[in-house]
Amino acid sequence: MLESIKVTERLHWPEVEMSKKYILNSADKVLSPSQVYLEKISSSVLKDLFSSGGYNALLQAEEQEKKSPKRSVFKRPKTSARCGATVTRRKGQGSAAPKKSRAPEAGGRPAQTNRVPSGNLSKPARNIAVVGSTMGLNPRTVPQLRKTPSSPRTKLPSLHKAAATREAENAKRLCILAAIKPSNVEKEKAKFFKSDFNYNPQFEYSNPVCPLVLARHSNASDRFLTQAVHIMELALQRYGSYEKFEQATGGNLLTKSRVCHTVKKYMEKEGCVGEIVVQVTDDLLSRASMTVVNSRPTLTINICSAREHWLEGMLRHEIGTHYFRGLNNLQQPWSSLSARRKLNLRPLNPTEEGLASLHSVLFRKDPTLWRAALLYFTVYQASSMSFCQLFHSLGRFLQDPNTRWDYCVRAKRGQTDTKQPGCFSKDQVYLDGILKILRFRDKIDFPLLMALGKVSFEDVERLKASAQMENVRIPHFMQDQSRYCEQLLKIMEANELTDQDLRTIV
């Protein structure tokens, strides 16, 4: 039996540092097949799951200058305690973490495998076998299930034969987002506030990124600038300020215990309790991130932005999108970097972050795309402004100086002297991806896009014939395609986006 999930606040990742511990108790349930076999996947393969990450996505690039082992950024930091699920024994019970698959015990439910037709109702490519929760399934499209305890348990995808090669590939990569977070943020913030917002921070970095790598992420676009500004102005017209919008649509900030309770309930919906380590922090530039820590998928949540009406959207973003697409990608022929190159696959962004961002607001009462719009606008402004100029420019949309500081740091990260114009352009992919997906939403088979893993929606048609469709993971909120498409239309209406406008700009 899974007795408890240990939720620690000590994340051994360059992005965050935490100290306290929290315990998230789970319901007594038989371990799911994915829980039994997850630990058989190596850390190198797991890192590939989150190559795009969440709001704080891990952009990978080859390290070209640092070849000395003494200066490698890939040394695992020493840990004092193991992160992950804590499994205990009850009196009279056997081990709660079986190493091999076995039939469920008396009273336990057999693993469910549900076949969900693809989202294209006219010509479904093939059926998708879904592992996990059946919540939200349309009863008219799901065949009657028969309980077959003797049926074989399902494994997560196993390692590829070229595992050693992949280890070497991973050793050449650099986690950009971890490396470009300044190491002296708090010190420079104090100087900035003391100067009455007229000091341009001088950022320092523990592991500076190669200038050539930074240059690849320094080109801002104005393609959707008009739409970004219009989306934010709509919110201001309705609510008066961002702060009022945040309170009205996001609700109150949650305590750590409430955050853990909500995460546990969501994992039960998706059938992934025990697969992911959950950590809470107040030291994160984004609202959440999905990474790998000590070979375990790890969800880190920023407690400072965990609001009651927004938290489940964040979980749909990180778990329902990034994590599930990562798992599905593992069993596909294009799971390795070399295979992607041979197939000439498009970059996974902006599709990956665009899809995740849509899922963040999917069931909100007011699904205004404020954050994606503001990130797009901020990056564009940063490309031609100093830090101080950018800070004052954002005053048009944000009153709170602490919130403005956070957005400015995101756009200026990677720079040393922020007096100079320049930006880190990755944050523009959210709005970019959203608008492109909405533009072609009627042609996209969304369950198939999810099943194929880390691919662009533009590559789905040519890849589906060679895809491995057994035991893919489809999130519960995507299984009712009629309702899903209605929510996409609601997002367009709330942000005054029309098909005619989208055809013009995309």
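We count residues from 1, following the sequence as given.
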*Before accepting this row, confirm whether a basic side-chain N of the pair Arg340/Asp459 lies closer than 4.0 Å to the acidic partner's carboxylate O.*
no
*Donor-acceptor contact below 3.5 Å, side chain Ser393 vs main chain Gln389*: no
*asked:* For Glu246, is there any backbone N or O sitting under 3.5 Å from a side-chain donor or acceptor partner on Trp370?
replied: no
_What verdict does the side-chain contact (heavy atoms from CB on, under 4.5 Å) test give for Arg325 and Leu449, after you've listed the backbone C-alpha separation in whole Å, the side-chain angles of each residue and the deciding distance to 0.1 Å?_
CA-CA 9 Å; Arg325 270 169 59 91; Leu449 175 61; 3.6 Å; yes
_Does atom NZ (Lys189) have a neighbourhood of more than 12 heavy atoms from anything else shown, all under 6.0 Å?_
yes
*Whether Phe391 and Phe192 hold their rings parallel, tilted or perpendicular, with breakpoints at 30° and 60°*: perpendicular
*asked:* For Tyr205 and Phe203, take the angle between the two ring planes, folded into 0 to 90°, and tell me which bin it lands in: parallel under 30, tilted 30 to 60, perpendicular over 60.
replied: perpendicular
*What closest approach, in Å, do Val429 and Pro350 show between heavy atoms, and which atom pair accounts for it?*
O-CB, 3.7 Å
*Does a donor on one side chain and an acceptor on the other come within less than 3.5 Å for Arg346 and Thr351?*
no
_Suppose we call two aromatic rings close when their centres sit under 6.0 Å apart. Are His359 and Tyr484 close by that rule?_
yes
*Return yes when atom OH of Tyr380 has more than 12 non-hydrogen atoms of other residues, nucleotides or ligands closer than 6.0 Å, and no otherwise.*
no
_Under a 3.5 Å distance rule, please check whether Asn200 uses its side chain to pair with a backbone N or O of Cys388 as donor and acceptor._
yes
*Flag, side chain of Ser466 to backbone of Leu463, donor-acceptor distance under 3.5 Å*: yes
_I'd like to know if the side chain of Ser183 reaches the main chain of Glu204, judged simply by a donor and an acceptor atom lying under 3.5 Å from each other, with no hydrogens or angles considered._
yes
*How about Arg258: does its CZ atom have over 12 heavy atoms from other parts shown lying under 6.0 Å from it?*
no
*Expected output: side-chain Thr321 to main-chain Glu318 donor-acceptor under 3.5 Å*: no
_Salt-bridge contact Glu270-Arg316 (side-chain N to carboxylate O under 4.0 Å)_ = no
*What is the ring orientation for His317 with Tyr430, classed by angle as parallel under 30°, tilted 30 to 60°, or perpendicular over 60°?*
tilted
_Within the 4.5 Å heavy-atom criterion, are Tyr239 and Asp366 side-chain neighbours or not?_
yes
*Taking C-beta and beyond as the side chain, do Tyr407 and Leu375 meet within less than 4.5 Å on heavy atoms?*
yes
*Do any N or O atoms from the side chain of Gln332 and from the backbone of Ala451 form a donor-acceptor pair under 3.5 angstrom?*
yes
*Just by distance, do the side chain of Asn349 and the backbone of Gly433 share a donor-acceptor pair under 3.5 Å?*
no
*Do side-chain atoms of Glu312 reach the backbone of His309 as a donor and acceptor pair under 3.5 angstrom?*
no
*So, the side chain of Arg410 versus the backbone of Val379: is there a donor-acceptor pair under 3.5 Å, distance only?*
no
